[in-house]
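Below is one structure, written out as structure tokens, with a few remarks after it.
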Amino acid sequence: MSVEPRHITIERRVRFGVLEPRVRPVAEIWFALHGYHQLAHRFLRHFRPIHQGARCIIAPEGLHRHYIDHESRRVGASWMTSEDRLTDIGDYVGYLDRLHAHVLSEESRQRPGGSAPPRIVALGFSQGVHTLSRWLAFGRARIDRAILWGSTVPPDLDLSEHGNTLSAADLHLVVGDEDEYYDRAAIETHEARLRRAGIRFTSHGYEGGHRLDADLLRRLAGMDEATAD
């Protein structure tokens, strides 16, 4: 006798971290998508170097928490696993769309009438790169710039169908020259795949491994003078 898996939809609360802007109205909102084993509020510490002026930084947390170390009971989160993956992808894309709408709705209530809406930047780190890529492809949220840091666009994402969406988001690729997961050959293969699909992007590098680099993060954030103090 076979077992048939089924699903129902439920309401649940989700957690996200916020670095509030230092001045208002907000000129730029960042959505920072963490990597595997990370938690939203801890991930936000890496963004303090760019927490300035009229920039607000939001860190959604992956829907799957787990123990990283059972002895210390240290907890991390992830966006998905290989088990029931399509359901998880649909869930986190819907979650990110709703969070995006919530944040922009809250912000619009505090803006003076007639002011321009804030620019939206989304950064995915490591596992968060796959999450951000699928959010761009399948979601409804407006994202003006997308930064893919320390990983590649998912191999199973159909670029012939979703390439225009990625290009429209002002795509930036970032990897360290000592990243233990992606050597130069892997990055060149990834970039060649994007070029074949006609996807426009800008590449960035830094000295170091699989981590966020504060100096490069500042330079990427400095691309928009409107967010400066």
Side-chain angles (χ1 to χ4, degrees), residues 1-18 29-44 58-70 73-106 120-143 146-169 171 173 181-182 186 190 193-194 197 199 210:
M1 182 178 66
S2 62
V3 177
E4 178 186 353
R6 301 182 183 185
H7 301 87
I8 62 170
T9 299
I10 64 169
E11 286 292 326
R12 61 166 291 182
R13 287 180 292 181
V14 296
R15 186 166 69 173
F16 61 97
V18 183
I29 298 174
W30 283 52
F31 289 88
L33 309 185
H34 64 75
Y36 185 62
H37 278 345
Q38 296 180 311
L39 293 175
H41 64 282
R42 294 175 186 161
F43 188 55
L44 272 179
I58 308 291
E61 190 163 276
L63 297 174
H64 302 271
R65 294 194 196 100
H66 54 269
Y67 286 112
I68 300 171
D69 182 336
H70 284 275
R73 298 182 68 80
R74 193 159 61 97
V75 174
S78 71
W79 291 99
M80 62 174 290
T81 67
S82 60
E83 182 68 23
D84 204 13
R85 59 189 302 278
L86 295 181
T87 301
D88 285 347
I89 291 170
D91 284 347
Y92 71 58
V93 168
Y95 155 37
L96 293 171
D97 272 349
R98 288 184 64 178
L99 178 60
H100 179 282
H102 168 79
V103 170
L104 265 65
S105 175
E106 290 290 308
I120 306 300
V121 179
L123 182 150
F125 171 69
S126 195
Q127 189 192 42
V129 169
H130 282 205
T131 304
L132 175 53
S133 299
R134 294 183 177 115
W135 187 21
L136 291 170
F138 305 127
R140 300 185 303 273
R142 172 179 62 86
I143 297 173
I147 302 170
L148 310 185
W149 194 309
S151 189
T152 63
V153 172
D156 61 340
L157 189 64
D158 187 348
L159 298 186
S160 65
E161 181 178 354
H162 301 293
N164 289 340
T165 307
L166 269 63
S167 290
L171 197 65
L173 311 181
Y181 299 106
Y182 296 96
H190 176 227
R193 178 187 173 218
L194 298 184
I199 297 173
H210 195 68

**Asked** Stepwise, does the side chain to side chain contact (heavy atoms under 4.5 Å, CB included) test hold for I147 with W30?
**Response** CA-CA 10 Å; I147 302 170; W30 283 52; 3.9 Å; yes
**Asked** OG of S167 to CG of L194: how many Å apart, nearest 0.5 Å?
**Response** 8.5 Å
**Message:** I need the minimum non-hydrogen distance between S126 and G35, along with the two atoms involved.
**Reply:** CB-CA, 4.1 Å
**Request:** Would you confirm whether D97, through its side chain, and R140, through its main-chain N or O, come within 3.5 Å as a donor-acceptor pair?
**Result:** yes
**Prompt:** So, Y36 side chain and G76 main chain: donor-acceptor pair closer than 3.5 Å or not?
**Reply:** no
**Asked** Which is it for R98 and V14 under the side chain to side chain contact (heavy atoms under 4.5 Å, CB included) test, yes or no, and what are the steps along the way?
**Response** CA-CA 11 Å; R98 288 184 64 178; V14 296; over 6 Å; no
**Asked** Between H37 and H66, what is the ring plane arrangement, given parallel below 30°, perpendicular above 60°, and tilted in between?
**Response** tilted
**Message:** Would you say that T165 contacts W135 through its side chain, given a criterion of any heavy-atom pair below 4.5 Å between the two side chains?
**Reply:** no
**Request:** Find the distance between CG (D88) and CG (L63) and round it off to the nearest 0.5 Å.
**Result:** 7.5 Å
**Asked** For H34, does its backbone N or O pair with a side-chain atom of W79 as donor and acceptor, under 3.5 Å?
**Response** yes
**Message:** When you compare the side chain of L96 with that of F31, does any pair of heavy atoms fall below 4.5 Å?
**Reply:** no
**Item:** H100 (side chain) donor-acceptor with R142 (main chain) under 3.5 angstrom
**Value:** yes
**Asked** Could you give the distance from CD1 (I143) to CG (L166), rounded to the nearest 0.5 Å?
**Response** 10.0 Å
**Asked** Relative to the ring of H210, is the ring of F125 parallel (under 30°), tilted (30 to 60°) or perpendicular (over 60°)?
**Response** tilted
**Message:** Assess, by modelled atom type and distance only, whether the side chains of T81 and H64 contain a donor and an acceptor separated by less than 3.5 Å.
**Reply:** no
**Complete:** Looking only at heavy atoms, the pair that brings S133 and L148 closest together is OG-CD1, 4.1 Å
**Item:** CD1 on I68 to CG on L39, rounded to 0.5 Å
**Value:** 6.5 Å
**Complete:** Closest heavy-atom pair, L132 versus G124, reported as atoms and distance to 0.1 Å, is CD2-N, 3.5 Å
**Request:** For R74, look at atom CZ and say whether over 12 heavy atoms of other residues, nucleotides or ligands are found less than 6.0 Å away.
**Result:** no
**Message:** Exactly one of L44, L33, I120, L99 should register a side-chain contact (heavy atoms from CB on, under 4.5 Å) with I58. Which one does?
**Reply:** L99
**Asked** Side chains of H130 and D156: does their closest heavy-atom pair fall under 4.5 Å?
**Response** no
**Message:** Are more than 12 heavy atoms, taken from residues, nucleotides or ligands other than E83, located less than 6.0 Å from that residue's CD atom?
**Reply:** no
**Message:** Looking at E61 and A40, would you say the former's side chain and the latter's main chain have a donor-acceptor pair under 3.5 Å?
**Reply:** yes
**Request:** Could you pull out the closest heavy-atom pair between S151 and Y182, with the gap in Å?
**Result:** OG-OH, 3.0 Å
**Request:** Might you point out which heavy atoms bring R65 and V75 nearest each other, and give the distance in Å?
**Result:** CB-CG1, 4.1 Å
**Over 12 non-hydrogen atoms of neighbours within 6.0 angstrom of CZ in R15** = yes
**Prompt:** How long is the span from the CZ atom in R193 to the CG atom in L159, to the nearest 0.5 Å?
**Reply:** 4.0 Å
**Message:** Rounded to the nearest 0.5 Å, what separates atom OG in S78 from atom OH in Y92?
**Reply:** 10.5 Å
**Request:** Kindly check if the number of other-residue, nucleotide or ligand heavy atoms within 6.0 Å of CG (N164) is above 12?
**Result:** no
**Prompt:** Taking side chain as C-beta onward, heavy atoms only, is D84 less than 4.5 Å from H7?
**Reply:** yes
**Message:** One thing to verify: whether D91 and R12 come together as a salt bridge, which I'm taking to mean a side-chain N less than 4.0 angstrom from a carboxylate O.
**Reply:** no
**Prompt:** Can you find a pair of side-chain heavy atoms, one from Q127 and one from Q38, that are under 4.5 Å apart?
**Reply:** no
**Prompt:** When you look at I89 and M80, which way does the side chain to side chain contact (heavy atoms under 4.5 Å, CB included) test go after all the steps?
**Reply:** CA-CA 7 Å; I89 291 170; M80 62 174 290; 3.7 Å; yes
